[in-house]
Every structure is written in structure tokens, then in C-alpha cells.
Amino acid sequence: MTENTTPVTPSRELTDFADLVSLCKRRGFIFPSSEIYGGIGSCWDYGPLGVELKLNIKNSWWRAMTDRDDIEGLDASILMHPRTWEASGHVEGFVDPLVDCKTCKGRFRADKLEHANCGKKSSLRPGQHGECQLTEPRQFNLMFKTFMGPLEESSSVVYLRPETAQGIFVNFENVQQTARQKIPFGIAQIGKAFRNEITPGNFIFRTREFEQMEMQYFVKPGTDMEWFEKWKEVRVNWHLGNGLRRSKLRFHPHGPTELAHYARAAFDVEYEFPIGWQEIEGIHNRSDFDLRRHQEFSGKKCEYFDEAAKEKYLPFVIETSVGCDRALLAVLCDAYRVEGERTVLKLHPKLAPYKVAVFPLMKKPELLELTDKVYADMKANFRATYDEGGTIGKRYRRQDEIGTPFCITVDYDGLTDQTVTVRERDGMTQERVAIGNLTRYIQDKMAAWKSE
Ligand code: ATP
């Protein structure tokens, strides 16, 4: 029996990051960093539910990459030999144009003025107010510098990596030889990256410390555009597989003036956030730029020897690079709905921090005993939570707001017929299910889940 106990109410989507920031703080997804000291610009801490959601996203990516026979994993260090960043072009070229306003003391990216607000009048763009005095743009390097060892001198300068990719390039030969991989093959890595962004903001969209999930796929020159096309499709499908609605995704090929110094072709996956369409992932054909430069700067050969064809060459690289925090922000924005009294996160069940919540109808010893048993069964199979506080309606609302797809209530009927009520988050339908069938029932529902 399936019954829908609540009338259908219109659904409102997220229109302002402020609502999401407040939900994330209230429910323990994301807190401002160092909050008791007033916070530190653009840094955020993931709370108990945020860290689960993030792990689920990382796991979804890691499995999608490394379950393939042609991709190996890596976890390289954040600090690397400083020559790495000369070879990669970051010391010279990882810059954004910066302008200051001498009047309001604001700092802006000269190439993003149309998205910034004047410090004197926020409805205007910097430079539009009569009193604005913008300086000429100057190039600002986004890499964070620090010192290795006790001496703060130029010879001990090291950088916090601004991308994870270079750890992969310098390990190309180590991985290829130890894993005995043949081209084409890829190396996948998840890790922190740091960029001293001029204008961080929009919650976790642009921060100075963030996590990337990057995969570099090494291919024979000449086959690169074919692989570039294949990876575009694979990556778009990954985002769809996390529940993002197709109507909220679009794809932006880079024109010749947008291409990065290393790229032959590039393609952004964009999501429609409340602030408009923005990149969540970049797919790049990096040619042999990186391996060639590392070969030149290190003096060590980075070529691949093709045993079968008896030929040596520098592989080309197709890169897929997605921000973990930005992907998580897209997932949260996509899932957020307000429906009448309730706020609900319609997360893909595989990403939801908890899959199941278990409630006793009342705090009576005879119900608690059976509830404990159901809860233990659920915990053995799913990430589950327990709640006995407040009315069942209130308990549903709490779980809706954190995206728990199934709530199980143990009541008096269950004591005699060994059934419970399972209530589904999205449609709010309720069904009686035999306790012995619960695991299978939830697994099937999770597998059949589709975004609206
Ligand atoms: P943008 O144009 O937004 O600055 P980008 O083109 O410099 O991004 P890439 O260098 O291609 O970005 O990085 C790959 C991915 O890493 C981006 O698609 C994004 O998801 C993520 N990313 C990059 N910079 C940041 C940041 N400052 N904060 C959070 N995520 C970031």
C-alpha cells in the first residue's frame, strides 16, 4: 500500500546563496572557518554532514575513475620542488590582472569588473561611480609562497600547489612503470589546491583553499582529439549520475582567445547557480606541453616507449579537472527546494549523508526495543541516524532538510505484524514494509532514484 498523506505544494528552488549558507551552518554542513575569531575570508570548514557529503562526492569520482583498468590513483605531496612551477609556467604566467580603487580601497579583477560591485554604491560597477579612481591593471601571481626550513630567504621559497596536476606529470614515469600501464592510460588524484584569488566569494564557489579531483589521461599524439571528445561525454555523464538536472548543465567550448597557455582545446562544464552559469569542471587537451617542459627543466626524459611499435614519443594529455567544493555546491543548489512548510534537499541517495533515519513512534520501552533492532539492522547496511525527539512531523522536517531519503517509523502495529512505515523524502509517500525486507526495499528504491 502506498499513500500520500500530504497535498502537493508548489516547489521553490534556491535563488539566493544566503539561504543555503544558513541551512549549511544550521544543520552542520559547512561553517565559516575560525568563526570564534570573526572568520577568515573565503575559508570554510565542513561539519559532520558536510564531510559525509564531500566524501560521497569524492568516492563517486574516485570509483568512476579508478574502477577502470586504464586509470591508476595517486596522492602526491602539496609542496613540490620550486622548479616544478617554473616548468609548468605558473611562476611566470599564473596571474590575474588586479586593479585597486584609491577611493574605496576595493581590489578587483580587471577582467571581471562586470561581476563586481563599486565600494561606494553597490548597484554600480567599479569605475562607474563619479568618485572611483581605478589604478592601471597590474599582474598578480595567484600562488601562495612559503619557506621550506628555518631560513626565510629566496633559495628556500616553495609554493602551495595551485593545482594537483603537476604532481601527476612529475610521476608519469613512476606510475607507468610500476603499474605496467600502456598508453593510453590515466592517473587520478584528489587533493587540496591553493590560489590567492583576488576576489574569492559566493560561499564555497571561489575560495583560496579548495580541493580538486583531477585526472590526466596520457595518449598517443594524433589520437588526442578523439580522446578529448570521449572524455567530454564521460564527464558530463558523471555529473548527471550525481543527480544534477540536465537543464541546469551546459557546455562551453573555449574560443581561441580563452585557451590557457598549455591548451590545444578546452571545454567547460557549466552549472546554472543562483549567480548565473559558471564553470564546475574543465576538460583540456594539454598537448605534450607539460611533459615536454618537465623534461626540459629537469633534464630527465619523460618519453614513453611503445614496445609493440618500437617507437618513442612524448604522450599528449587530456585532463579532466573538477573542483570538489564546486561540484558539492552544484549538488546542494540542485537539491534545494522549499515546498510549503518544509525545506528539503532532494539529494541523490548515494550522496546523501544519511540514507535512513529510524524513529520510534513514542519513547515507550516496548517500542524502543524493536526500534533498536531495526536501527542496528539499518546501520549494518547503510549510513543511518536515529531520532526520538518531537513529533513525527518535526522529525520528518529535520531529515528533509539534511536530505535523508528514507525515514522509518516503528509503531505498535509493528510489534504484532513485524512491519514499519517507510516514508520517502521526495514524494512524501508512506508504505508499510516488513522488517525482514527493509534492506532490499531501500536498496531497490535507491537504485531506481531519478532527479525530477
Ligand atoms: P575559474 O575560471 O573559475 O577561476 P579556472 O578555469 O581557473 O576557474 P581550473 O584551473 O580549470 O579553473 O580548475 C579546475 C576546477 O577547479 C574548476 O572548474 C573549479 O571547479 C575548481 N576551482 C578552480 N579555482 C577554484 C577556487 N578558487 N575555488 C574553488 N574551486 C576552484
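In listed order, ligands and their atoms are each counted from 1.
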Expected list for residues 45-55: side-chain donor-acceptor pairs under 3.5 angstrom, two or more places apart:
from, atom 1, to, atom 2, distance (Å)
Tyr46, OH, Asp325, OD2, 2.7
Glu52, OE1, Arg383, NE, 3.2
Glu52, OE2, Arg383, NE, 3.1
Glu52, OE2, Arg383, NH2, 3.2
Lys54, NZ, Glu211, OE1, 2.7
Lys54, NZ, Asp325, OD2, 3.3

- Please say whether Ile204 places an N or O atom under 3.5 Å from an N or O atom belonging to ligand 1. no
- Query: Among protein heavy atoms, which sits nearest to atom 14 (C) of ligand 1, and what does the distance come to when rounded to 0.1 Å?
  - Reply: Ser321 OG, 3.0 Å
- Answer yes if the ring centres of Tyr159 and Phe144 are under 6.0 angstrom apart, and no otherwise. no
- Task: Heavy-atom distances under 4.0 Å are what count here, so tell me which part of Asp325 touches ligand 1: side chain, backbone, both or neither.
- Result: neither
- Answer with side chain, backbone, both or neither: which part of Arg206 has a heavy atom less than 4.0 angstrom from an atom of ligand 1? both
- One finds that the ligand 1 atoms under 4.0 Å from a non-hydrogen atom of Phe205 are 28 (N), 29 (C), 30 (N)
- Can you check whether Phe31 and Trp44 have ring centres sitting under 6.0 Å from each other? no
- Relative to atom 10 (O) of ligand 1, which among Glu279, Glu270, Gln212, Arg195 owns the nearest non-hydrogen atom? Arg195
- Query: Would you say the ring centroid of His284 lies under 6.0 angstrom from that of Tyr262?
  - Reply: yes
- Here the atoms of ligand 1 under 4.0 Å from any heavy atom belonging to Gly323 are 15 (C), 16 (O), 19 (C), 20 (O), 21 (C)
- Query: Are Glu72 and Gln181 linked by a side-chain donor-acceptor pair shorter than 3.5 Å?
  - Reply: yes
- Do the charged groups of Glu401 and Arg26 touch, with an N to O distance under 4.0 Å? yes
- Compute the minimum heavy-atom distance from Thr207 to ligand 1 and say whether it is under 4.0 Å. yes
- Task: Run the numbers on Ser287 and Asp224 for side chain to side chain donor-acceptor pair (under 3.5 Å), then give the verdict.
- Result: CA-CA 8 Å; Ser287 72; Asp224 45 308; over 6 Å; no
- Message: Please tell me whether Phe205 and Phe203 form a close aromatic pair, meaning their ring centres lie under 6.0 Å apart.
- Response: no
- Message: Against ligand 1, does His284 come closer than 4.0 Å with any heavy atom?
- Response: yes
- Can an N or O of Phe210 be found at a distance shorter than 3.5 Å from an N or O of ligand 1? no
- For Glu281, take its heavy atoms, then give the atoms of ligand 1 lying under 4.0 Å from any of them. 18 (O)
- Query: So is there a nitrogen or oxygen of Arg109 less than 3.5 Å from a nitrogen or oxygen in ligand 1?
  - Reply: no
- With a cut-off of 4.0 Å, which atoms of ligand 1 are near a heavy atom of Glu197? 24 (N), 26 (C), 27 (N)
